[in-house]
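Worksheet for the structure shown next.
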Number of protein chains: 2
Amino acid sequence: MTPRATVYDVARAAGVSIKTVSRVVNGSDEVSKETRERVMTAVADLDYVRNPIARSLRTGSSDTIGVVVDSIADPFFASLVSVVEQLALAQDVSVLIASTGRSVSREKGQVLRLLQQNVGALLLAPNGHDHRYLLDAAPGMPIVLVDRGWELPGFDTVGVEDEDGGLRATRHLLAHGHRRIAFLGESPELTTIVHRQQGYLRALAEAGLAPAPELVRTDCSVAAAAAEATEQLLRLPQPPTAIFSSNPRASLGVVSALHRADRLDVALVSFGDFDLADALRPAVTVVDQDPGPLAQAAAVRVLARMRGQRLPPEDIVLPLQLVERGSGELRP
Amino acid sequence: MTPRATVYDVARAAGVSIKTVSRVVNGSDEVSKETRERVMTAVADLDYVRNPIARSLRTGSSDTIGVVVDSIADPFFASLVSVVEQLALAQDVSVLIASTGRSVSREKGQVLRLLQQNVGALLLAPNGHDHRYLLDAAPGMPIVLVDRGWELPGFDTVGVEDEDGGLRATRHLLAHGHRRIAFLGESPELTTIVHRQQGYLRALAEAGLAPAPELVRTDCSVAAAAAEATEQLLRLPQPPTAIFSSNPRASLGVVSALHRADRLDVALVSFGDFDLADALRPAVTVVDQDPGPLAQAAAVRVLARMRGQRLPPEDIVLPLQLVERGSGELRP
DNA sequence: CGAGCCGCTGACAGCGTTGTCACGGACGTC
DNA sequence: GACGTCCGTGACAACGCTGTCAGCGGCTCG
């Protein structure tokens with residue numbers, strides 16, 4: 001392996017100073033056409049590529065974007081990261097990943113770690129409610145909050161109409177005759193879930209129903225917990241005839257439990273699609289929260305900011321679609 | 001935001017030279033106890049952290065590991081990346097991701113890009129067969145090939161007993177009375193799939209059966225293609241009574257197609273587990289290829305090498321387990 | 001015709017770190 | 001007492017790049 005060419009090599013080959021090489025490879029316009037061409041030839045000949053590390057040390061920034069999510073293993077975030085990586089690659093931007101495991105303190109640690117690595121931008125699915133630390137830890141850094149974190153003005157946010165989704169899912173079940181509808185959620189730390197639950201409650205209120213506390217579970221952060229919760233719900237003296245599962249991880253658990261208990265008569269709407277949802281019998285009706293467009297919007301935004309575009313912070317809210325497949329149309 | 005403290009600040013505070021600070025924070029043992037303590041106090045007082053970028057520029061390496069896989073969106077690789085990231089985090093190592101989309105040239109480009117970023121190690125699920133370019137592009141770099149790439153000596157490899165898995169899956173179906181067993185695979189570029197197919201063929205041969213060409217599909221790289229292939233298989237004059245799907249992505253397609261066609265009598269064994277495989281009716285029998293231990297083994301290995309441990313290259317082959325759940329035990 | 005400006009270019013410093021090398025003092029050896 | 005050795009330490013350069021500033025030639029303008 002021959003060592004990479006540096007600006008000095010190119011400068012020597014082109015008969016110019018290293019500064020001029022720097023100007024050319026950075027697309028500065030204050031270089032004459034002839035000089036530029038001479039340098040470009042040398043660059044091509046020597047197969048020169050800018051050293052991103054030296055660049056980063058000098059400038060204090062870099063063409064790397066830090067992506068901080070709960071877990072890369074979660075299909076939702078996996079898709080998100082995948083899309084971001086694809087779009088980043090197209091602009092020669094690298095992606096550093098960091099997982100929070102839903103922990104506020106770990107999130108903070110990860111963000112600080114990424115900042116030390118001079119990332120040029122951050123894509124963050126935030127935990128908890130207080131993200132002011134971002135303001136003084138990383139002033140001026142392009143930051144896009146994705147999926148969650150509405151309460152923090154000053155940053156771009158990209159998410160979906162959580163409350164509306166919860167509302168429509170619940171209305172859908174009500175419209176099919178259900179009166180005892182369970183809600184499966186998780187930590188009240190997650191603004192998305194809270195909003196979905198608000199939609200659920202609003203739909204019930206519209207229908208003149210009082211929410212039944214025993215039908216609301218907020219401890220279903222993993223599939224197994226949701227399965228367990230489902231079993232318990234089915235054992236209630238007055239069990240639910242329908243379930244609104246507020247995230248796809250929980251839905252996996254619900255589906256497992258319903259199949260195991262042979263209770264395929266229980267209606268189900270899932271917030272968030274998942275693999276095989278349409279292959280099951282009955283196929284699962286979902287409020288489709290596709291990570292693709294979400295990630296796309298977030299990535300486009302953050303990449304634009306990285307390129308130096310000055311944009312006013314914006315809250316992008318993507319619409320949702322209710323996909324009827326069968327499980328949500330069962331009658332009690 | 002106050003700017004981070006540098007070695008100079010620490011040196012001044014501790015009354016030593018910057019070099020001594022460097023020695024202390026790098027755990028060099030040629031520093032007297034008193035000096036070390038003085039420096040450590042200053043480090044703590046000033047909240048000093050090494051600047052990884054400057055470090056990387058100076059040393060030509062870094063505490064970052066590059067992970068190159070087909071796609072982060074694939075649950076198998078998502079789990080893998082997730083495990084690697086967790087273990088890396090515990091050692092303050094960062095993870096840069098890069099996807100190949102199964103393209104040999106894109107893989108090469110991504111690897112070179114990561115090398116420019118001074119990654120300290122590479123974890124690679126290789127495409128194609130020729131990886132000698134790694135030898136001169138990154139001599140001496142810790143590289144672990146994961147899941148695939150057996151034909152390349154000189155690197156660590158971590159994988160599973162692909163042929164044995166294919167053998168056992170097919171034997172299992174044969175033992176349950178099947179004689180027409182379809183094989184769903186994909187590109188012959190993927191050594192894993194090829195080996196699984198060899199296992200399939202060997203099992204057939206053991207049973208004295210000639211392989212039926214029309215039952216072997218090697219075009220099922222995505223779920224939709226596998227679904228399509230399944231439908232075509234079922235329409236054959238002599239359709240298969242069992243299917244061996246050689247990867248979980250294909251299995252999703254098979255399951256969808258079987259459910260859609262209401263042909264739940266067709267036996268199925270999947271190489272690789274997937275969500276809901278145990279919730280379906282019948283639940284899907286799998287050769288369990290858990291990405292967890294695979295990733296763990298690979299990560300442990302690569303991290304050890306990054307810490308400078310000199311280890312002879314090793315081929316780690318993890319055992320597989322056949323998980324009977326129902327679909328593989330159906331009789332024709 | 002000199003002052004001022006503009007377009008292009010280069011010398012140099014410095015980002016924060018680690019590798020090289022040299023030095024002073026303590027100690028052991030003959 | 002002269003010498004070599006070892007330990008702890010520091011001065012300095014360098015990694016490859018970009019920001020600052022200055023310089024140079026040619027132009028316009030009063």
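So you know, we letter chains A, B, ... as the sequences are listed, proteins then strands, and number each from 1. Because the structure is a prediction, the values reported are computed rather than measured.
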Side chains of residues 292-304 of chain A: which donor-acceptor partners sit under 3.5 Å, not counting sequence neighbours?
unit_1: A:R301; atom_1: NE; unit_2: A:D156; atom_2: OD1; d: 3.1
unit_1: A:R301; atom_1: NE; unit_2: A:D156; atom_2: OD2; d: 3.2
unit_1: A:R301; atom_1: NH1; unit_2: A:E314; atom_2: OE1; d: 3.0
unit_1: A:R301; atom_1: NH2; unit_2: A:D156; atom_2: OD1; d: 3.3
unit_1: A:R301; atom_1: NH2; unit_2: A:P312; atom_2: O; d: 2.9
unit_1: A:R301; atom_1: NH2; unit_2: A:E314; atom_2: OE1; d: 3.3

For A:D47, salt bridge (Lys or Arg N to Asp or Glu O under 4.0 Å) partners two or more places apart: A:R4
Counterpart residues, salt bridge (Lys or Arg N to Asp or Glu O under 4.0 Å), relative to B:D9 (two or more places apart): B:R12
In chain order, what residues pass the side chain to side chain contact (heavy atoms under 4.5 Å, CB included) check against A:E30, with sequence neighbours excluded? A:R23, A:S28
Quick one, A:S82 with A:S79, criterion side chain to side chain donor-acceptor pair (under 3.5 Å). Give me CA distance, side-chain angles, the key distance, then yes/no. CA-CA 5 Å; A:S82 176; A:S79 296; over 6 Å; no
Please list every donor-acceptor pair under 3.5 Å in which a side-chain atom of residues 88-97 of chain B meets a protein atom from a residue at least two apart or in another chain.
unit_1: B:Q91; atom_1: OE1; unit_2: B:R307; atom_2: NH1; d: 2.8
unit_1: B:S94; atom_1: OG; unit_2: A:R113; atom_2: NH1; d: 2.6
unit_1: B:S94; atom_1: OG; unit_2: A:Q117; atom_2: NE2; d: 2.7

Does anything in residues 42-62 of chain A reach DNA chain C, meaning a heavy atom under 4.0 Å, and if so which residues? A:L57, A:R58
Between A:N26 and A:R50, is the side chain to side chain donor-acceptor pair (under 3.5 Å) condition met? List the steps. CA-CA 9 Å; A:N26 286 296; A:R50 278 192 311 207; 2.5 Å; yes
List the steps and the verdict of side chain to side chain donor-acceptor pair (under 3.5 Å) for A:S103 and A:T100. CA-CA 6 Å; A:S103 148; A:T100 66; over 6 Å; no
Residues which pass side chain to side chain contact (heavy atoms under 4.5 Å, CB included) with A:T59, listed by chain and number, not counting sequence neighbours: A:S61
Please walk me through it: do B:N118 and B:S62 pass side chain to side chain donor-acceptor pair (under 3.5 Å)? CA-CA 6 Å; B:N118 274 2; B:S62 77; over 6 Å; no
How does protein contact run along nucleotides 6-12 of chain C, one letter per nucleotide 5' to 3', with B for base contact, S for sugar-phosphate only, - for none, heavy atoms under 4.0 Å? --SBBB-
Could you write out DNA chain C as dot-bracket? Rules: Watson-Crick or G-U wobble, both distances under 3.5 Å, brackets [ ] for crossings, | for pairs with another strand, dot for unpaired. ||||||||||||||||||||||||||||||
Name all residues meeting the salt bridge (Lys or Arg N to Asp or Glu O under 4.0 Å) criterion together with A:E189; count only those two or more places apart in sequence or in a different chain, and write none if there are none. none
Quick one: salt bridge (Lys or Arg N to Asp or Glu O under 4.0 Å) partners of B:E186, sequence neighbours excluded? B:R102, B:R249
Expressed as a whole number of angstroms, how long is the span from A:Q116:CD to C:dG16:C1'? 13 Å
Would a 4.5 Å heavy-atom cut-off, applied to side chains only, mark A:Y48 and A:V7 as touching? yes
Can you tell me how far P of C:dC15 sits from CG of B:D9, to the nearest Å? 11 Å
Interatomic distance, A:N118 CG vs D:dG16 C1' [rounded to whole Å]: 15 Å
Expected rows: protein N/O vs nucleotides 22-25 of chain D N/O, under 3.5 Å:
none

Grab the CG-C1' distance between A:N26 and D:dG19 for me, whole Å please. 12 Å
